[in-house]
Amino acid sequence: QVQLVESGGGLVQAGDSLTLSCAASGRTFSSDTMGWFRQAPGKDREFVAAIIGSSGRHNYADSLKGRFSISTDNAKTTVYLQMTSLKPEDTAVYYCARKRAGWNIRESATYDYWGQGTQVTVSS
């Protein structure tokens with residue numbers, strides 16, 4: 001079992017920055033892929049970013065490159081999502097997720113563990 005707990009969400013203004021955290025515990029491995037996804041009201045869950053534990057490589061949704069950054073702590077037990085220049089359209093529930101492999105990292109269905117989500121609301 002793996003437990004993922006997100007934190008750091010909140011209400012911010014457009015242009016602000018916010019950093020989300022995801023604490024992982026249980027049967028985690030340094031080679032795991034950790035991903036961030038988001039879901040806005042009435043929309044499908046979409047890929048935001050992922051970090052592949054086995055290689056350390058990062059991958060981002062094309063529309064978010066340059067504004068969002070994913071990282072981990074040295075122990076690889078906490079994953080961060082730093083978000084800058086936030087826009088109202090970034091408003092969503094943000095989820096972190098884990099998968100064992102480093103392929104199809106943009107596909108939410110391939111992740112086996114999910115956190116409960118944290119709400120990010122960006123006001124204009």
Side-chain angles (χ1 to χ4, degrees):
Q1 287 287 337
V2 173
Q3 294 78 42
L4 302 173
V5 180
E6 302 99 333
S7 61
L11 173 64
V12 297
Q13 293 186 334
D16 285 352
S17 298
L18 196 63
T19 298
L20 306 182
S21 300
C22 173
S25 60
R27 285 184 59 81
T28 61
F29 300 89
S30 61
S31 58
D32 288 345
T33 292
M34 299 299 296
W36 284 98
F37 291 79
R38 67 184 185 183
Q39 188 166 19
K43 295 188 177 180
D44 293 334
R45 189 169 298 186
E46 65 173 346
F47 172 76
V48 173
I51 183 166
I52 302 171
S54 59
S55 66
R57 293 176 63 182
H58 301 179
N59 191 277
Y60 297 94
D62 293 341
S63 62
L64 300 176
K65 284 181 182 177
R67 291 198 301 123
F68 287 20
S69 178
I70 189 171
S71 62
T72 65
D73 63 354
N74 289 337
K76 295 187 178 180
T77 58
T78 302
V79 182
Y80 303 98
L81 182 69
Q82 183 176 8
M83 306 181 292
T84 64
S85 301
L86 283 163
K87 305 174 182 180
E89 51 263 44
D90 294 319
T91 295
V93 178
Y94 285 72
Y95 299 90
C96 73
R98 187 219 74 159
K99 63 182 293 178
R100 292 288 290 121
W103 46 266
N104 279 0
I105 60 175
R106 296 188 175 203
E107 299 296 327
S108 60
T110 65
Y111 287 75
D112 52 2
Y113 288 97
W114 291 81
Q116 82 288 350
T118 186
Q119 176 71 46
V120 173
T121 303
V122 184
S123 64
S124 58

Going by salt bridge (Lys or Arg N to Asp or Glu O under 4.0 Å), Asp112 matches just one of Arg27, Arg98, Arg100. Which one? Arg98
State the CG-CZ distance between Leu18 and Phe68, to the nearest 0.5 angstrom. 9.0 Å
If I compare all heavy atoms of Leu86 with all of Val12, which pair ends up nearest, and what's the gap? CD1-CG2, 3.8 Å
Mind checking what makes ring pair (Phe, Tyr, Trp, His ring centres under 6.0 Å) contact with Phe47, not counting sequence neighbours? Phe37
Got a salt bridge between Asp32 and Lys99, using NZ or NE/NH1/NH2 to carboxylate O under 4.0 Å? no
With the 4.5 Å side-chain cut-off for hydrophobic clustering, are Trp114 and Leu20 part of the same group? no
Mind listing the side-chain donor-acceptor pairs of residues 75-84 below 3.5 Å, one per line with the distance, residues two or more places apart or on another chain?
unit_1	atom_1	unit_2	atom_2	d
Lys76	NZ	Gly53	O	3.3
Thr77	OG1	Asp73	OD2	3.2
Thr84	OG1	Arg67	O	2.8

For the side chain of Tyr111 and the backbone of Met34, is there at least one donor-acceptor N/O pair under 3.5 Å apart? no
Does Ile105 share a hydrophobic cluster with Leu4, counting links as ILVMFWY side-chain heavy atoms below 4.5 Å and allowing steps through other members? no
Is Ile52 linked to Ile70 within one hydrophobic cluster, defined over Ile, Leu, Val, Met, Phe, Trp and Tyr using a side-chain heavy-atom separation of less than 4.5 Å? no
I need the full list of disulfide (SG to SG under 2.5 Å) pairs touching residues 31-124, with sequence neighbours left out, sorted by first then second residue. Cys22-Cys96
Strictly distance-based, threshold 3.5 Å: is any side-chain N or O of Gln39 a donor or acceptor partner for the main-chain N or O of Ala92? no
Give, for atom OG of Ser108 and atom CZ of Arg38, the distance between the pair rounded to the nearest 0.5 Å. 14.0 Å
Could you tell me which non-hydrogen atom of Ser124 sits nearest to which non-hydrogen atom of Ala14, and how far apart they are? CA-CB, 4.3 Å
Looking at Ser123, is its backbone amide N or carbonyl O close enough to the side chain of Gln13 to form a donor-acceptor pair, meaning the two atoms are under 3.5 Å apart? no
Is it true that Tyr113 and Val93 fall in one hydrophobic cluster, defined by side-chain heavy atoms closer than 4.5 Å? no
Are the side chain of Thr121 and the backbone N or O of Thr91 linked by a donor-acceptor pair below 3.5 Å? no
Could you walk me through whether Val48 and Leu64 pass the side chain to side chain contact (heavy atoms under 4.5 Å, CB included) check? CA-CA 7 Å; Val48 173; Leu64 300 176; 3.6 Å; yes
Are the side chain of Arg106 and the backbone of Tyr60 linked by a donor-acceptor contact shorter than 3.5 Å? yes
Nearest heavy atoms of Thr33 and Ala101, plus distance in Å: OG1-O, 2.9 Å
Note: Asp90 and Val122 closest approach over all heavy atoms is CB-CG2, 4.3 Å
